[in-house]
Amino acid sequence: MPQAFITPTSQYIRYNTKVARSRATSEPLWIRWLLITIALVFLSLFLFVPLAAVFTEGLRKGFATYISAIVEPDALSAIKLTLIAAAIAVPLNLVFGLAAAWAIAKFEFKGKSILITLIDLPFAVSPVIAGLIYVLIFGLQGWFGEWLSNHDLKVVFAIPGIVLATIFVTFPFIARELIPLMQAQGKEEEEAGLVLGASGWQIFWRITIPNIKWGLLYGVILTNARAMGEFGAVSVVSGHIRGLTNTMPLHVEILYNEYNYAAAFAVASLLAFLALITLVLKSYVEWQTAKNALRNEVHKLIIRRESI
Amino acid sequence: MAKRKNVLPGFSLSLGYTLVYLSLIVLIPLAAAFIKTTELSWHEFWAVVTAPRVVASYKLTFGASLIAALINAVFGLLTAWVLVRYSFPGKKIIDALVDLPFALPTAVAGIALTAVYSANGWIGSIIEPLGIKVAFTPLGVIVALTCIGLPFVVRTVQPVLEDLEAETEEAAASLGANRFQSFTKIILPAIWPALLTGFALAFARAIGEYGSVIFIAGNMPMVSEITPLIIITKLEQYDYAGATAVAVVMLGISFALLLLINALQWWTNHRLTASR
Amino acid sequence: MSIEIRNIQKNFNSFSALNNVSLDVPSGELVALLGPSGCGKTTLLRIIAGLETADNGSIHFHGNDTIHSNVRDRQVGFVFQHYALFRHMTVFENVAFGLRVRPRKTRPSENEIQRRVHELLELVQLDWLADRYPPQLSGGQRQRIALARALAVEPKVLLLDEPFGALDAKVRKDLRRWLRRLHDELHITSVFVTHDQEEALEVADRIVVMNHGKVEQMGSPQEVYDKPASPFVYQFLGNVNLFHSRVNEGKTHIGDIEVEIESFKETQNSPALAYVRPHDIDIQKELNGQKPAFSAIVSYIHSLGPLVRLELQRDDQFEIVEAEMTREKFLQLELSVGSKVYVHPRNVRVFLN
């Protein structure tokens, strides 16, 4: 979903301006702890307890069952397919994100805000509908259905459909991460590179990319997490063929519907672990950007005291 | 389309690629949905999208989404407040974990919530004897939608709250306002657009949600069946036109929400930049 | 290398940023484009660099039309207002950038790059900062690094956009003297944009005063200061006293004083503006009969620094006249607030209204 999900990293370039709040602008201690408690109970009910449940349920029948649920052939092929889908969707959306951000942030043209809204579209579309539209085009009854079956090609209920659906649902993430970042950075550095004789690609690789690398990484991490975890859209186009067109989330669903809870949660715990790694990486990226900003700020203060 | 005022290279290449990719992946496939519905006459279309079972699913989807977004508005604001204003042990970890619903696959969230809230689950076993049944009821739908919408309000309100200057609250206090008055008259108006944006985002996300809901909802027709599930059901019966008709209704609502969210965000930014 | 600018026209939507601008920058000179903000001076500089394209007109570098050469091939050095240093590169890598991006055939060897960069860093006296990153530098240091970076590509023309605009007063003064000395050493044809008349007058060989997208006057600092071509130039360069008057057959009046102006012999009773710089206001305690004068009362004295500024209230009109004199002269006249004085304006410039 939109912006909040992809809070530009630039927003995190804040310095810790926390000052001891005077009594006039703070609450009594008991209210503070009451509010903290309510917040923690709320988060526990909807986040922490379910997260813990994933791991405990997965390990309920012992470590051996847990491992065997993961190394079982159908699970392994689901893992493989998930990795393939992400490995195709992320780079494609990365190239798109860079192209879109370059056009939007560095140039003025008519219809720019319409373009930005259109890029947001996949956020607003239910994943189920995302799957449906590809069925309408590539399915047997679809526009290209006949042509595809005549040529013995399969998109829907096959890997290409899964990849397409994954691309659709993760479409805007990198672009929306980069656009505000590149807009904030302006285009003076690129112009400086141009005057110094650099070619377009040299400017892009040596000036633009290093300047946006953290935001880019952040976008890639989120896109990857989403790509590997997508359920609704993939569910519509996959056809649920075990060992062939099942991704990890679909495999979890099948195991769960067969009342094989321990195995379902074992595979789910892998995905939950992936989500946690994503959050760690994300925190690291935010920490890096904040640290860079802070370091530069401190240096400036030191330098100001030295002579010019 | 564009008037070139700029000597930086790559404009036609990057814009051209953007438009082609956008059209191939998003615009043309979405158009397919609208074109497909034209196979139905207006009368047939209306009959499909107003069938009692479909209408019941709208009520559930929109009602549960609205309630979940409201819960998130209240508790998300409170969470953002606590994370910005107070310090307590483990705050940084909790702050990072707020984003979990963004990163956690919805199917995993779905089965986890079901396990926790079902009759023999950790929370279900406590509240079920009290007469509160969550799993396999509309209440379960609300729980799932609250979970997946949780980060939106927190993450939109948090930065605004952080940028709020302590001086304005000090000024209010020096003018004789108590804490409650400061909050309702000074702080709340300042964060209002962000709060509204977060609410709208959580609402929009909840409407389209599928993965986390189907496990906990029980999916009983007329009672706990959400609209995206109706689409899937119709697809499984090879009723492509019917599925598409319902999808088009949802798309229309989603687009309207997207426009609303963009307007809200423009409003937020506009207020922020105007005050700087 | 000389620059010839001919009939440049540039519009942004309906706003005319440059309106038929023509001027010459002689080889080896340091030229200031001076004007208020929004007068089009930065746009003109960017067009010379090739960062913007003119709607009309031509720019020749040493007689060669630049219309078909893009920014990369123009061999200009450009110093941006906010320096535009590459944040993620060290000072050394910033300066080396222009050499490193050359095609392999013309790219200097690594040793040569090292030598050249250190030479330039020594030239701008910042060799000791080679390993720092731009955000860790002070404004003045960044400015000099930006200059070193621009010089690294051995430009034929050096263009500077408000080079001292973002610096505080003390640093500005030091840096502009330093820039002047640097230019005297290197003799690269240079154009810089500024809105600060003092800066332009002190540093430039030649000043181009611009307003509303047009060139108001070009000339040496002496010329534009002493012989302003228009009321705008007069007012823009330094303080000025303005007298509303009329011109009739080559004569105008300021109070009781008659001033002859040869160039307006033919003019019949036309409203005019007469300008006099504060240091051209002569003050005497007695009317000695030789110089025509009007009487006034001293209403305010600013006596800080080497020059004393006086505000004089005219007797015949409700108008304040500003005067400047040396401290010596001031003490000689023994003036205090309320003293009655006689005022004689010299070097009156008259423009028909």
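Excluded from the calculations below are hydrogen atoms, water molecules and symmetry mates; all remaining heavy atoms, backbone and side chain alike, are included. Proteins come first, then strands; the chains are lettered A, B, ... in the order of their sequence lines, and each starts at number 1.
For F97(C), the part sitting under 4.5 Å from any heavy atom of chain A is the side chain, from C-beta outward, and nothing else. Heavy-atom distances place no part of L159(C) under 4.5 Å from chain A, backbone and side chain included. Within the 4.5 angstrom heavy-atom criterion, atoms from both the backbone and the side chain of Q185(A) approach chain C. Interface residue V153(C): only side-chain heavy atoms are found under 4.5 Å from chain A. For a residue to count as touching a neighbouring chain, one of its non-hydrogen atoms must lie under 4.5 Å from one of that chain's; by this rule R46(C) touches chain A with the side chain only. Residue A150(C) touches chain A through its backbone alone, counting heavy-atom pairs closer than 4.5 Å.
Between F78(C) and A49(C), the closest heavy-atom pair is CD1-CB, 3.4 Å.
Ring geometry, F173(A) versus F123(A): the interplanar angle exceeds 60°, so the pair is classed perpendicular (tilted spans 30 to 60°). Under the 30°/60° scheme for interplanar angles, the aromatic rings of W201(A) and F204(A) are found to stand perpendicular.
Between chain C and the residues G197(A), G186(A), G193(A), the largest count of heavy-atom pairs under 4.5 Å involves G197(A).
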**OP:** Apply side chain to side chain contact (heavy atoms under 4.5 Å, CB included) to the pair T278(A) and N224(A), showing each step before the final yes or no.
**Re:** CA-CA 9 Å; T278(A) 302; N224(A) 183 58; 5.7 Å; no

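Of the inter-residue distances, the one linking R142(C) atom CZ with Y83(C) atom OH reads 7.5 Å to the nearest 0.5 angstrom.
Counting only N and O atoms by type, the side chains of T223(A) and N93(A) include no donor and acceptor under 3.5 Å apart.
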